[in-house]
Structure formats: C-alpha cells, structure tokens
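Here is how names work: the chains are called A, B, and so on, in the same order as the sequence lines, proteins then strands, and each is numbered from 1. Keep in mind that the numbers below use all heavy atoms, side chains included, and drop hydrogens, waters and symmetry copies.
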Amino acid sequence: MPARVKYLVFRTFQAVLTLGIVILILSSLFNSMSEEQLQTRIRQTVTARVRNSTELQQLSQDQLKEWRENEIAKLRDRWGLDQPVWKRIFMDAWDRMKLDFGQSYMMTAPGGSRQVMDIIMSRLPRTILLFTTAAVIYVLLGLIVGLKAAQVAGGKLDRFLSIFGMTSSSMPMWWLGMLAILIFAYQLGWFPSTALPLPQTTGLDYYLGVLYRLALPLATIIFNIFGARAWVTRNIVTDVLQDDYIMAARAKGVPERKVIYGHTLRTAAPPVVTSALLSLLMSIGGAMITEVIFNWPGIGLLTRIAIMQNDIPVVMGVMFITSAIYIFGYLVADLLYGLLDPRVEVGTSKSMR
Amino acid sequence: MIKRKIKDFFRGFFEIFREYRGETTGMIGLGLIISMIILALLAPSLAPETNRKWDNVDRWKDLPNGAPPFWMNYFSGTSKATQQVKDEPASVSTESVITKLVYDYQFDSDLPPKDVVVYVEGQYEGERPTLIASLIRPDGEKLQLASQTIQGSQGQDGYGFETRLRLFGGSQQRTKVHRFAKQYEEGNVPGPSEIDVTRTAFAKAQDGMLNRTQPLKGEYKLEFLLVGSGTELTNSRAIFMGRVFGLMGTDGNGHDIARGWIWGARYGLILGLSVAAGTVIIALIFGMTSAYYGGWVDELMQRLNEIVMGIPTLPILVVVATLWGRSIWFVIFIMTLLYWRGIAKTVRARGLQIRQNTYVEAGEALGASGSRIIRGHMIPQMLPYAFAEAALMVPMAIIAAAGLHVLGLGDPTVVTWGTMLSEANSAGATIRGMWWWVLLPGLGITLLGFGFISAGMAVERIVNPKMKQE
C-alpha cells in the first residue's frame, strides 16, 4: 500500500476512534438523565394500559399490583434498564456509532417518522442553507479584503480592518441578530423578524419566500465573522511578504501585482485554502442561539426544543453530528494541507518536522 | 535565587510594557479593561440592592417600565419628563384634625411623568384617618384624584401606617381625569380606557384634551390632606416616575439597566478572568509537557487533546446546567475543563521551538529534571504568549456564558449582561422597539471583549515581531 493511502486509513481510523471516545463520554454524561426519562415513560405506559383496559380494571387490588409489577419488569428488561450501568453506556455509544440514534420521545419528522436520524436530516439542510451559504460569502469576502489590506500593510484599509475585525468578533452573533431584527425588522420593516412559518407556496415563490427569511440571519453571520477572517488572511499574507525571496523578487524589480498574486499567494495558499475549507465544513454545525433568535428551523432550534423537552435521543443525535463534523473536518483540513504544501511530508508525525 | 528570578520576571514585564505603550489600540483596550475593573470593584457601592434583589418586584416598583435613557431627550423633538424623587414636601401644616402636605412639581417637558407615587408614613390613635390627594394645576383647576382610608398595624402607642399611593394608576383615577377633561371636549370623545391619564391631567384645558393633548407647562402642586384626630405624620416621599430614566433607561420589568450593567461588568470579569486563568494554566502545563517529552507521551497527549476538541461545548454546558445546577462557578469550572484545548495546541507548537534552544540542552546536560526544565526555562519563555491567549479567552467565555443565559440556563442568582439580554429576548424587546434594552447590555460584552482582544493582540505583536504592521 502506498504511504499516502496507508496514512489516510490510519488517520481515518484514528478519527473514528476519537469520535467513539467522545460519544462514550457524552453517553455517560447523559445516562442518568435518559434513565430517569425511561422510567417515567415505563410508568406512564403501564398506567395508560390499565386505564384503557376494562379487563384489567376488574382485577382485585393485589392482582392488579402484581400485574403492574410484572409488566414494569418486562418493559425494564426490554429497554435494558436491568443491565449494569457501564454496559448500558457502552451499548448506547455503540448504537450511536452505528448511526442508530433511536426514536425521539416527542418529535416527529415531516413524514411522521419518529426516528431521530430522519428528524435531524429534515432539519440539517436548512442549517446548511443558512450557515454554509454565509460561510461561502464570508470566506470569499475575507479573502478579497484580507489581500487588499495586506498589500498596503499599515494603510487605511489595514488599520480599519484590524479595528473592525477586533470589534465584530467581540460581539455575540446572536446579539447582532437581535440588533438586526430591531433595525431591519422592527424599525424599517424590510425583513421578517422570524423565519417561521416557512412559506407555504411552491416553485419560484417558495424560493423567494425562503430568501426573504434568509436575508437577515445571513447578513448577520457574515457581518460577525468576515472581519476576523479577513484579518487572518491578511496576517498569513503579510507573514509571507516578509520572507527573503519576496524581498529578492522586489529587489529584482518584479511588479508588485505579480509579487502579490504570483509569489506570495502561492506560498500563502495552503493555510488560506485549508482554513477556508475548515470554515465551510464547520458551518454545517450551525450556531444554536443564532437560530433560536431568528427562529430559523435548523438543527440549532431543534436542539433547543429537544433540550427543553428533555428529549435525550435527539440531543445526543445532534451532538454526534456536531462532534463528527468537527473531528472529520479537522481530518480533511489536515490531509488537504499535506497535499497542498509539498514541504509537509505525509506519514510523519508533526513533532518530527 | 528566587529574588533574582522575580526581578528578571518584572524586568521582562516592564520591557514589554514600554513597547506596549506605543500600541494605540492596545492602550485603548487596556483603558477599557481598567475602567471595567474599577466599575466592577465599585459595583456594591455604585449599585446597591441590585444583584440580590433583581427578581424582587418590590425593589423596582417605583421605576417606570420600559423607559428609554434620559439622553434620548436630546435626540428627539419631544422632551419627556425625567424621574424625580422628592424626599421632603414643600410645606406641611396642621390645622386641628387636618394635616396638609404639599409637593411642588415644575413641569417643563412636553410629556408629563408616567405616574406619581407617594409614600406616607405616620401613626394614629383611634379613628382611622382618610388620605385625600389632589392635583392643583397652574390654571387653578383642582383635580381630586384619590381618597382612601388608611389602615395601620397596631403598635405600642396607637397604630403605625406606611401607605403607598399611585396617583394615576387605578381605574378610579382614570375615570376622574376623564370626567374632568370631557367638559372641555367638543364632539366625539374617546372612552376612559383609551386615554393616557397623566398626559390628559397635565394638558391644556381645551378641546382635544383627551387625545390630542397640548402640555400645560408650569408649576403643579400635589396636595395631600390627612384627616383624622390624633393622627401624626412622620415621613413622606413623592416619586414622579419618568418617561425617560437614568443613563441607560429601564427594561420592561422596571429594572434600572445601568445598575444591572455595572454588575454585568463585575460578573463578566469574574467569569472571563477565571476561565482565562484556569485554561491557560492547564494549557501551559499540558502543552509544555507534551512538547518536552515528545515521543509516545506527546502522541498520547495529542490524542487526548483531540478528544476534548471533539466535545461540542454549548450542548455540554446546557446539559450540565440542567443536570447539576446553573451556578456561575460551575459554568466557570466546565468551561475551564473544555477551553484549554485550543491554547494547548499553540503552546505545544511554540514549546517544540523552545525545546530546540541550547539552554534546554544545557539544563539537561547538567542533570536538571524534566519538570524543572519545563517550570524553570520553558514556561517563563511562554508567559507572554500565554498572556495573549488568555486575553482572547476572556470574550469567548463571556459570550458563551451570555448565550447560556439566553437559552434560559444562566445562573439565576447573579445579574449579568446575559441575564438582561435573555430577559430582553423573552420579553420581545426587539419587536417592541426597546432598543436600549438590547443594545446596552450587548455593548458591555463588546467593549470588554474589544478591550481584551486588542490588549492580547498588542502583546502578541510585541513578542512576535513578524506580525507587526509596516
């Protein structure tokens, strides 16, 4: 097997293992909560059965008590509540690793399915629509503005960018969202203050309706993040600009445009491209509170509702997705960096470089 | 030996500071941090009875609800009455069984107070006294607003009473003001429930007094008659509730936002600095150990770091808050346990460079132990970087904690900027246009965050000259 493939397999295995351990930790954190939930549900099921059955109601007190105890024991066995705690935690984590997230306690997917996977999959595209669209825009905008600022380090744009980047990234995104609603939804009335209900029409009308609801949260996310991104790009590029070979190129009389777009960008590409890709991947996870503020029906809002209703299978499912995106996002970014930067030798650990 | 080390440390510190003074944004950031720290330290004396009594309705009942800050008067065409508290009446006189109390009120704004609240304290012997309140307008009209019998509680000599009276609050007063104004109206008149009571009471007596009010400016008198034999008045106070309030206004529940804001600075700093200190200490030890020992130790520690990195923070905080309580200290603890991960990566990378230095090798050759080299040589080298990282951690922690509040899972026993924003969010402040309630607490987060970020970046620029501008 070539070294590259071997390395890829090894790193993927490592990522899966990491995810497994994270899920194990999360499962044990949630165990007591889900146990309580199950016990309440079992009691409710048994009580409901007694209430709905005339046969059972005719039994004597003692008989009924016995029947109840039997029934509860049966259900406990079925839900695995009689197993030792560590075993249940392991089983739960294993199920999740197999992408079997179980059934939601209260929620249903649009098709009526109670499967957590279906519920999440019905919401995920909306989160991706909002946050990944935003990521594409702020990555591009950040790249353009960052490059412009780096060209004249210490210039007007550079100084403005440094202040803007610092200010905008010290603002909570959801607070910016609240301000955006205040200004553009309440004061000016240009956009709706809530994304729900989604448009009920079809065709072009539907997409225009979605776009109308999308505009405000989209602008908020971009405003919040693009300054910091441009600043990062600018730092990478100015860093390269101070290298000796750039000085040599300038001394030789290579035109400034060519220095920037030819020499500098080639060296700056690996970190810039990698961090851009990472931003795109990470954006899939969304931002919970921003979705809550805008009432955007993605997985952030789903998590919020699930947490309020103690719907642990859903919460765990979302956490699995978030962790997986994070871990595999880093893996992909790392591998991509190795591909782009010929100086990084694949197969050696970082400490050897 | 130790003395010299401390001296070295301070010399290094001052060297960095000498360069730091040249950093404009860094100095602005430092100024912001210092002002916030001063505010935070003074919070108990600047804003007493705020933190513990935030949820106590009695504490805030004399403040108007949803009043914008007073300086809005300078920006809008109509000036609104500000909050005024009069601890002493203009005159008190007693004539046989009648005690007469008069408060003066100079009305110069376009919009009158939202309401007037009066506290009357005293005692009586036998018969329960009656309190009659009237408003005497500059045009000589006298509006009787309330008349009520006072009920005291029995004490050693007679009955003591402490009565709170809202002059324009009840439906009775509404009807009285409406009846008074109706006589000037020609044509259709709106019903009593449709009028703004104080605006009508403080309006020119002419047509349109009920819904197209013109303010009648001038000196108003509030007259209180306490009728009853053996009645003695000990104390009284009148509060003219503003339509604008204080430096930052009030929220929808009548909280003074400025007072809450000061406590927000206090808890923001406590939370941010604790998390920053905790995470940086863990990251320094972790990253340095990993870098120094290398090999399988490094490999293992890096995997551990990646596992912690894979844990989604906000959901964990949410779950932990629901499971084990919402104390701010607990939030600090959990954040510290999670947030060291990113800093540890940077520390390790930098540690690998430091490890190459000859003095580390020399130390090893002299037989110094690993922990001693890490403590004595590598960590001091890392400190300025660590400081920069810690500074960036502060806003991150504050924003995350505020987010927890917005999700309804913040510590209910403390007042933070997040508390105020979450109340604003659940009260729908954004779609009710109460911008000050949304803007000002968030501005606190932004200012403090900007302070720490700009200070951290300035330090980073000094210790890492490659990042310098120009």
Side-chain angles (χ1 to χ4, degrees), chain A residues 14-15 17-19 21-22 25-26 29-30 32-33 153-154 158-159 162-163 165-167 169-183 185-187 193-194 235 238-239 242 285 287-289 292-293 303-304 307-308 310 315 318-319 322-324 326-327 330 349-351 353, chain B residues 25 29 290-291 294-295 298-299 302-303 306-312 314-316 318-320 322-323 348-349 352 395 398-400 402-404 406-409 418 421 424-425 429-435 438-439 441-442 445-454 457 466-470:
Chain A
Q14 212 173 43
L17 192 67
T18 309
L19 182 63
I21 295 172
V22 170
I25 294 171
L26 295 180
L29 254 177
F30 278 88
S32 65
M33 230 162 140
D158 193 23
R159 257 180 261 159
S162 109
I163 302 278
M166 281 193 275
T167 319
S169 50
S170 41
M171 296 172 177
M173 188 192 280
W174 43 266
W175 175 64
L176 279 173
M178 289 170 85
L179 288 183
I181 291 174
L182 194 69
I183 297 168
Y186 169 79
Q187 199 71 42
S193 64
T194 160
N235 280 341
T238 36
D239 218 34
Q242 280 163 4
M288 194 203 293
I289 309 169
V292 170
I293 292 288
T303 320
R304 166 57 175 335
I307 286 167
M308 286 198 309
N310 271 338
V315 177
V318 174
M319 296 234 274
T322 324
S323 299
Y326 201 88
I327 290 165
Y330 263 96
S349 105
K350 266 187 184 165
S351 56
R353 273 198 272 141
Chain B
T25 49
S290 186
D298 183 36
E299 200 60 38
Q302 286 318 300
R303 294 294 86 75
E306 270 155 34
I307 289 169
V308 181
M309 279 196 149
I311 297 177
L314 192 60
I316 283 287
V318 167
V319 169
V320 165
T322 29
L323 271 182
R348 173 179 166 276
L352 287 174
I398 293 177
I399 291 177
L404 217 51
V406 173
L407 290 175
L409 291 162
L421 285 174
N425 184 46
T430 48
I431 48 172
R432 283 159 71 190
M434 294 157 85
W435 55 268
V438 179
L439 179 77
I445 298 177
T446 309
L447 285 177
L448 195 59
F450 178 83
F452 277 101
I453 290 181
S454 59
M457 300 261 265
K466 246 194 150 180
M467 273 184 64
K468 235 178 202 164
Q469 300 185 356
E470 280 142 328

Tell me the closest heavy-atom pair linking [X] and [Y], and the distance in Å.
{"X": "Ile289(A)", "Y": "Gly403(B)", "result": "CD1-CA, 3.2 Å"}
{"X": "Ser169(A)", "Y": "Ile453(B)", "result": "OG-CD1, 4.2 Å"}
{"X": "Leu439(B)", "Y": "Trp175(A)", "result": "O-CZ2, 3.2 Å"}
{"X": "Leu26(A)", "Y": "Pro312(B)", "result": "CD1-CD, 4.3 Å"}

### Task
Sequence neighbours left out, what passes side-chain contact (heavy atoms from CB on, under 4.5 Å) with Tyr330(A)? Give chain and number order.
Leu278(A), Met282(A), Tyr326(A)
### Message
Need one label for Thr25(B): side chain, backbone, both or neither, based on atoms under 4.5 Å from any heavy atom in chain A.
### Response
side chain
### Message
Please classify the contact of Ala349(B) with chain A as side chain, backbone, both or neither, using a heavy-atom distance under 4.5 Å.
### Response
neither
Between [Y] and [X], is there a side-chain heavy-atom distance shorter than 4.5 Å?
{"X": "Leu407(B)", "Y": "Arg304(A)", "answer": "yes"}
{"X": "Ile316(B)", "Y": "Leu29(A)", "answer": "yes"}
{"X": "Leu314(B)", "Y": "Thr303(A)", "answer": "no"}
{"X": "Ser193(A)", "Y": "Thr430(B)", "answer": "no"}
{"X": "Trp174(A)", "Y": "Leu421(B)", "answer": "yes"}
{"X": "Ser170(A)", "Y": "Ile398(B)", "answer": "no"}

Heavy-atom pairs under 4.5 Å with chain A - which of [options] has more of them than the others?
{"options": "Ala402(B), Gly449(B), Gly310(B)", "answer": "Gly310(B)"}
{"options": "Val308(B), Ile445(B), Val320(B)", "answer": "Ile445(B)"}
{"options": "Ser290(B), Ala429(B), Gly433(B)", "answer": "Gly433(B)"}

Separation of [Y] [atom2] from [X] [atom1] (nearest 0.5 Å):
{"X": "Ile431(B)", "Y": "Met178(A)", "atom1": "CD1", "atom2": "CE", "answer": "10.5 Å"}
{"X": "Gln302(B)", "Y": "Gln14(A)", "atom1": "CD", "atom2": "CD", "answer": "10.5 Å"}
{"X": "Arg303(B)", "Y": "Thr18(A)", "atom1": "CZ", "atom2": "OG1", "answer": "7.0 Å"}

#### Entry: Proximity breakdown for Thr194(A) and chain B, heavy-atom pairs closer than 4.5 Å
neither
## Note on the structure
Applying a strict 4.5 Å limit to non-hydrogen atoms, the region of Leu17(A) in contact with chain B is neither
### Message
Using a 3.5 Å distance criterion without hydrogens, assess whether the side chain of Trp435(B) forms a donor-acceptor pair with backbone atoms of Leu179(A).
### Response
no
### Message
Please check this pair: side chain of Thr446(B) against backbone of Met171(A), looking for a donor-acceptor N/O pair closer than 3.5 Å.
### Response
no
### Task
Output the option from Ile181(A), Ile21(A), Leu19(A) having the highest count of non-hydrogen pairs under 4.5 Å with chain B.
Ile21(A)
